[in-house]
Amino acid sequence: MAGTRVLELPALGPVPFAAMLLADLGADVVRVDRCETVDVPTDSALDAVLTGRDDLGRSRRRIAVDLRRPEGAEVVLALAERSDVLLEGFRPGVAERLGVGPTTVGERNARLVYARLTGWGQDGPLAGEVGHDIGYLAVSGALDGIGTRDTGPVAPLGTVGDYPGGAMLAVIGVLAALAERSRSGRGQVVDAAIVDGVLLTASVDRFLRLRDGWGPRGTNALDGGSHFYRCYRTADDRWVAFGAVEPRFHDEMLRCLGIDPEPVDQYDRSRWPEMASRVQAVVGTATRDEWVDRLAGRDVCFAPVLTHEEAAVHPHLVARGSLPAASGSPQSAPAPRLSRTPAPAPRPTPPPGAHTRALLTELGMTADRIAELAGAGVVRQAAVAA
């Protein structure tokens, strides 16, 4: 995506992640920061996330602008004139009130793809309501199937809603709109709602649950109810995961564990609790890493449950360069991988407002005008530029 310019308005989570994906693919991404986040100390990882200093901010240039001021909105409009894509995550109507909504921006740049990434979407009874990942999963029906009979529904961080259901959906919409623009010459608005994305990713789950034979949470083949698709505790209080869905993998799993040499009907639900107890009894006799050694090379669909620290040094992920160290900590490598135009190496996350003066200069502003805007608090430059 080299040569594609992306303007990212202030937001948390899905919007920065969508912008990161586009930056990873070579786009020139400019992130608009809130002025109050510039030069704010970060005493914790959560502080870093809230001020945009986390890994999602990599490979950007950053300008700090007070969008609540008309002069700040004008700076954003000037940046939008030079952009191909704009990403925003405000509740419906907020961008319009700030003077940077799609109609106003479209009058300045008819070719711009204006991507709106929200939880509930741009219309409907809940469009103006606040929300987070857990709520979108709850309303979609997907959360009802995640968890166990004992725990009840359990929210799986942002790995189902915010990022795949929201950010990746937005990126797909952006790429589709850019492809269409190459024919029409016109931009358009992309309405990417996390709840819509969750409904898409839950398609198979919904298909199964709406048909006979799929029971309550934690009683089914793929949600921990069966003995062949679940996690087991090891002797060292760690965990291993089995996903032996196909009969040949299931039978090999039992052979490796020394269980039931005679044929076992793996889909006999009445035997699942018994079989799970038998598997747990065997797995609990050795440590996690001992099971890794014993099952290496065997067709049992087995994996150890790793921490993030352990994943960073796993031989397979190391061999693929999946978690390269950047700024002292592992980061996910750009994906997917392209053969002829591979993604450039990610650049470290710059601080908020790191490129304010440079970007304003690119817009043709004089040093005096930049100083005037800074003095009025409309823009801010980080004390240490990137």
Side-chain angles (χ1 to χ4, degrees), residues 1-11 15-16 18-23 25-38 52 56-90 94-117 170-171 174 177-178 181 186-190 347 349-374 376-382 385-386:
M1 296 190 69
T4 302
R5 295 190 174 193
V6 178
L7 182 62
E8 171 196 355
L9 299 191
V15 170
M20 183 193 80
L21 296 179
L22 295 170
L25 294 174
D28 177 13
V29 178
V30 172
R31 177 169 178 162
V32 177
D33 295 305
R34 294 181 173 87
C35 286
E36 56 266 28
T37 64
V38 177
L56 300 186
R58 69 193 190 193
S59 301
R60 312 277 217 288
R61 293 191 293 166
R62 304 182 67 162
I63 181 172
V65 180
D66 187 349
L67 264 172
R68 298 165 297 185
R69 307 275 290 275
E71 301 96 326
E74 182 57 38
V75 169
V76 169
L77 290 173
L79 290 166
E81 284 185 21
R82 300 159 55 92
S83 300
D84 299 289
V85 178
L86 184 148
L87 293 170
E88 62 101 341
F90 301 123
V94 172
E96 285 80 356
R97 291 199 297 272
L98 293 172
V100 293
T103 299
T104 302
V105 172
E107 291 171 354
R108 305 276 287 260
N109 181 358
R111 290 176 52 82
L112 184 91
V113 172
Y114 195 109
R116 318 194 80 168
L117 206 175
V171 170
V174 164
L178 288 173
R181 189 186 71 173
R186 299 171 57 193
Q188 59 183 301
V189 176
V190 176
R347 302 189 306 276
T349 298
H355 307 94
T356 297
R357 290 196 190 95
L359 286 164
L360 293 177
T361 300
E362 285 184 17
L363 292 177
M365 290 191 187
T366 64
D368 288 345
R369 177 56 177 162
I370 295 172
E372 180 182 348
L373 290 174
V378 175
V379 300
R380 286 193 68 183
Q381 168 69 46

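Just so it is clear, the structure is predicted and the values come from calculations on it, not from any experiment.
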Under the side-chain contact (heavy atoms from CB on, under 4.5 Å) rule, what do Val100 and Leu86 come out as? Steps first, then yes or no, please.
CA-CA 10 Å; Val100 293; Leu86 184 148; 5.8 Å; no

Step-by-step side-chain contact (heavy atoms from CB on, under 4.5 Å) determination, Ser83 to Leu112:
CA-CA 7 Å; Ser83 300; Leu112 184 91; 3.9 Å; yes

Which pair of non-hydrogen atoms, one from Ile370 and one from Arg357, has the smallest distance, and what is that distance?
CD1-O, 3.9 Å

Strictly distance-based, threshold 3.5 Å: is any side-chain N or O of Thr4 a donor or acceptor partner for the main-chain N or O of Ala27?
no

CZ of Arg69 to CG of Leu373, rounded to nearest 0.5 Å, is 9.0 Å

Value for CD (Glu74) from CG (Leu79), rounded to nearest 0.5 Å, stands at 10.0 Å

Minimum-distance pair of heavy atoms, taken over all atoms of Met1 and Leu22:
SD-CD2, 3.6 Å

Might you point out which heavy atoms bring Val113 and Val174 nearest each other, and give the distance in Å?
CG1-CA, 4.3 Å

Please list, chain by chain and in numerical order, all residues satisfying side chain to side chain donor-acceptor pair (under 3.5 Å) with Asn109, sequence neighbours excluded.
none

Decide, yes or no, whether a salt bridge links Glu8 with Arg62 under the criterion of side-chain N to carboxylate O below 4.0 Å.
no

Does the side chain of Pro16 come within less than 4.5 Å of Arg31's, by heavy atoms?
yes

Do the side chains of Pro102 and Gln188 get nearer than 4.5 Å, heavy atoms only?
no

Could you state the interatomic distance from CZ (Arg5) to CZ (Arg61), rounded to the nearest 0.5 Å?
7.0 Å

Hey, is CZ on Arg108 packed in by over 12 heavy atoms from elsewhere, all under 6.0 Å?
yes

Ignoring hydrogens and geometry, is there a side-chain-to-backbone donor-acceptor pair from Arg369 to Leu360 under 3.5 Å?
no

Inter-residue atom distance Leu9.CG - Asp33.CG, 0.5 Å rounding:
11.0 Å

Arg58 to Thr349 - nearest heavy-atom pair and separation
N-OG1, 3.2 Å

Smallest separation among heavy atoms of Leu117 and Ala18, with atom names
CD1-CB, 4.4 Å

For Gln381 and His355, which heavy atoms make the closest approach, and how far apart are they?
OE1-C, 4.0 Å

What's the verdict on side-chain contact (heavy atoms from CB on, under 4.5 Å) for Leu363 and Arg82, showing C-alpha distance, side-chain angles and the deciding distance?
CA-CA 9 Å; Leu363 292 177; Arg82 300 159 55 92; 3.3 Å; yes

